[in-house]
Amino acid sequence: MQTVVLIAGEHYPIPAEELFASFGCGATGGWLLGATCDAVRPGATVSASIPLGSDSADVVLLGRISSCVPGSKITITHDQPWRGRIHLRFTNEPGGSRLRVSAELDDAGLAWWMEQRGWNTTAVADPGTHRVGLLTSKTGPGAIFAVTCEYLARLAVEQINADGGITGRRVELVIHDDATDSGRAALEARRMVQSGCRAIIASVTSASFEAVRRTVATAGLPLIHPVLNEGGRGEPNVFRWGERPFAQMRAAAPSLTREGTGPNWFHIGNDYSWSHGAHRAATQVIEEDGGSILRYAFTPLGTTDFAPLIDKIRASDASRVLSSLVGADEVSFERQLWQSGLRERCSVLSLVLEDSTRERIGAPAANGIWTAFGYFNTLDSQSNHDLTRRYRDTYGRWAPPISSFSEAVYEAILLYASAARAEDDILRSLRRVTADLPRGHVSANGPQVMRQRIHVGQAAGDGYHLAEQ
């Protein structure tokens with residue numbers, strides 16, 4: 001593997017120590033790619049914007065500070081949209097200081113950049129391999145939880161190949177980016193089919209999944225949506241296995257009742273199929289429990305300013321907030337809600353508060369938010385301990401945490417391989433798969449539902465406190 005190093009430098013009319021101290025501090029520290037972080041210390045999460053050119057929107061780079069020397073050096077290890085490091089070096093010089101930036105671009109990073117410019121970098125399939133496609137969101141609002149999905153997919157494929165592959169053929173993983181955009185998702189799905197993928201695992205929003213479903217339905221290959229979704233029927237080759245909002249709400253309701261806040265809800269979500277379906281299911285649970293919904297508010301994907309909606313929450317009598325916002329939108333909303341002081345009045349249940357999103361919100365702002373999933377990385381089972389150990393051994397201490405979204409991708413690939421090995425009719429086998437996995441025992445109920453236990457967690461410090469059920 002070869003690595004290209006990109007180097008740039010710029011002069012600033014302030015001392016190096018002052019420049020270092022301002023890194024990531026909102027408006028005053030946005031001098032480097034709009035970078036934001038809560039603290040300049042090892043382990044702190046960092047977000048930055050990468051310009052692709054005058055005709056393209058910026059993409060978000062997600063990483064952590066892996067080392068720093070106060071006043072002189074910061075190293076950012078990032079996983080998204082490719083894996084690498086950025087080195088910042090601060091030195092004093094006459095009239096101010098100089099910042100020298102060097103960034104690493106490996107083969108995978110170079111391939112990603114080429115794909116953003118329209119190049120198809122997927123090679124022709126080897127007849128001796130069994131190709132499986134992973135469609136995920138390496139860019140756009142959904143990028144926050146995409147990287148662990150890719151990493152867990154690679155671990156699953158490594159495990160399958162160590163066990164002999166599928167019918168003697170080595171599994172090859174093909175990864176494409178939908179950019180959290182339904183039109184792009186349909187294009188990338190077509191490319192996957194054309195490149196010889198025998199199944200597609202779609203770890204994407206419901207809007208993207210619907211576009212993919214329409215695109216590949218006639219191809220007949222298994223299309224699996226393993227992550228949280230609102231449900232819905234499809235063709236015989238379509239499988240929707242993720243958690244459902246009705247089950248999340250039903251599991252979380254007793255914990256919110258014990259917290260003692262009133263029964264009046266304010267609902268907020270993104271304006272597309274997932275949120276609308278989630279809030280319909282949530283409304284049924286809330287009304288059955290004697291609660292009431294004061295207002296629904298839906299915003300476009302990519303919203304960053306939630307001040308008007310927070311003002312409406314303040315003006316209402318809401319004592320509980322239900323959020324179905326995803327990715328970067330959820331990060332912005334929860335940080336702004338916490339800064340407004342309303343969290344002292346309102347309990348918050350977030351249906352999409354997986355671990356990477358919680359980390360980006362930050363411990364102070366995320367503390368106390370409720371969520372419910374089939375998997376948390378703190379589950380005490382040997383299978384989960386083995387998975388988390390393999391993950392850290394492979395990707396290191398600075399890789400994002402495993403979440404229900406990424407573990408679902410891992411299990412979907414393992415379950416697909418099991419079905420493909422079992423019999424000629426893969427679709428029939430997929431409708432009745434069952435297994436003991438890191439999240440526990442799962443079993444398919446036809447193509448639309450995966451039976452699993454839902455756990456309830458409340459964000460606390462750097463993780464979750466799991467509620468007794």
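- Atom CG of D311 and atom OG of S340 lie 8.5 Å apart (nearest 0.5 Å).
- A donor-acceptor contact shorter than 3.5 Å links the side chain of R390 to the backbone of L155.
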Quiz item: Stepwise, does the side-chain contact (heavy atoms from CB on, under 4.5 Å) test hold for S324 with W274?
Solution: CA-CA 8 Å; S324 63; W274 147 248; 3.7 Å; yes
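- Side-chain N or O atoms of R295 include none that pairs as donor or acceptor with a backbone N or O of H267 at under 3.5 Å.
- Judged by distance alone, with hydrogens and angles left aside, the side-chain atoms of D178 form no donor-acceptor pair with the main-chain N or O of R184 at under 3.5 Å.
- Between E359 and R64 there is a salt bridge, since a side-chain N of the basic residue sits under 4.0 Å from a carboxylate O of the acidic one.
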Quiz prompt | Steps toward side-chain contact (heavy atoms from CB on, under 4.5 Å) verdict (E334, I369) | solution = CA-CA 9 Å; E334 296 295 355; I369 300 175; 3.5 Å; yes
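- The residues E330 and R335 are annotated as not salt-bridged, no charged nitrogen and carboxylate oxygen being separated by less than 4.0 angstrom.
- No side-chain heavy atom of T371 sits less than 4.5 Å from a side-chain heavy atom of L351.
- For the residue pair R85 and T77, no side-chain donor N or O sits within less than 3.5 Å of a side-chain acceptor on the partner.
- The closest donor-acceptor contact from the side chain of R431 to the backbone of P236 lies under 3.5 Å.
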Quiz item: Passes side-chain contact (heavy atoms from CB on, under 4.5 Å), R41 versus I65? Steps please.
Solution: CA-CA 6 Å; R41 56 171 176 76; I65 295 176; over 6 Å; no
Exercise. Go through the steps to decide whether N264 and S319 satisfy the test side chain to side chain donor-acceptor pair (under 3.5 Å), and finish with yes or no.
Key: CA-CA 6 Å; N264 294 331; S319 52; 5.4 Å; no
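- Under a 4.0 Å N-O distance rule, the pair R250/E288 qualifies as a salt bridge.
- A salt bridge does not link R244 with E230: every distance from a Lys NZ or Arg NE/NH1/NH2 to an Asp or Glu carboxylate oxygen is 4.0 Å or more.
- For the atom pair T283 OG1 and M249 CE, the distance stands at 8.0 Å (nearest 0.5 Å).
- For the atom pair OG (S443) and CG (N445), the distance works out to 7.5 Å, reported to the nearest 0.5 Å.
- When every heavy atom of I224 is checked against every heavy atom of A412, the shortest pair comes out as CG2-CB, 4.2 Å.
- The shortest distance between side-chain heavy atoms of L173 and L134 falls below 4.5 Å.
- The aromatic rings of H225 and F209 sit parallel to each other, their planes meeting at less than 30°, with 60° as the upper class boundary.
- Taking the six-membered ring where tryptophan is involved, the planes of Y395 and Y391 are tilted, since the angle between them lies from 30° to 60°.
- Residues T136 and V409 form no side-chain contact, since every pair of their non-hydrogen atoms from C-beta on lies 4.5 Å or further apart.
- A side-chain donor-acceptor contact under 3.5 Å links E243 to the backbone of G374.
- Taking CZ of F145 as the reference point, atom OG of S356 lies at 9.0 Å (rounded to 0.5 Å).
- For R343, there are no side-chain hydrogen bond (donor to acceptor under 3.5 Å, both in side chains) partners two or more places apart in sequence or in a different chain.
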Quiz item: Stepwise, does the side chain to side chain donor-acceptor pair (under 3.5 Å) test hold for Y464 with N377?
Solution: CA-CA 9 Å; Y464 294 94; N377 59 39; over 6 Å; no
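- In this structure, the side-chain hydrogen bond (donor to acceptor under 3.5 Å, both in side chains) partners of D380, at least two apart in sequence or on a different chain, are H385.
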Exercise. Output, in order, the C-alpha distance, side-chain angles, deciding distance and verdict of side-chain contact (heavy atoms from CB on, under 4.5 Å) for F333 and L309.
Key: CA-CA 9 Å; F333 171 70; L309 285 177; 5.6 Å; no
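- For R358 and E354, the salt-bridge test fails: no basic side-chain N is under 4.0 Å from an acidic carboxylate O.
- Note that CG of L301 and OG of S182 are 9.5 Å apart. Values are rounded to the nearest 0.5 Å.
- Residues Y375 and N384 bring a donor and an acceptor atom of their side chains to less than 3.5 Å of each other.
- Side-chain atoms of I402 and T148, non-hydrogen and from C-beta on, never get closer than 4.5 Å to each other.
- With ring centers used as reference points, F373 lies 6.0 Å or more from H455.
- Aromatic ring centres of F298 and H279 lie closer together than 6.0 Å.
- Side-chain contact between L99 and L88 is present, with heavy atoms from C-beta onward closer than 4.5 Å.
- Without hydrogens or angle criteria, S208 side chain to T205 main chain gives no donor-acceptor distance under 3.5 Å.
- S347 contributes atom OG, which lies 8.5 Å from atom CH2 of W370 (distance to the nearest 0.5 angstrom).
- Looking only at side-chain heavy atoms (C-beta outward), I74 and F23 come within less than 4.5 Å of each other.
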Exercise. Please lay out, stage by stage, how T75 and H87 fare under the test side chain to side chain donor-acceptor pair (under 3.5 Å).
Key: CA-CA 5 Å; T75 298; H87 303 280; 3.3 Å; yes
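- Using a cut-off of 4.0 Å between Lys/Arg side-chain N and Asp/Glu carboxylate O, K138 and E150 are scored as salt-bridged.
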Practice problem: Step by step, work out the side chain to side chain donor-acceptor pair (under 3.5 Å) result for W241 and Q448. | Solution: CA-CA 6 Å; W241 285 347; Q448 306 304 330; over 6 Å; no
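- Taking the side chain as every heavy atom from C-beta outward, L135 and I201 never approach each other to under 4.5 Å.
- Dense packing is recorded around CG of D305, with more than 12 heavy atoms of other residues, nucleotides or ligands lying under 6.0 Å away.
- Checked by atom type and distance alone, the side chain of S275 pairs as donor or acceptor with a backbone atom of N270 at under 3.5 Å.
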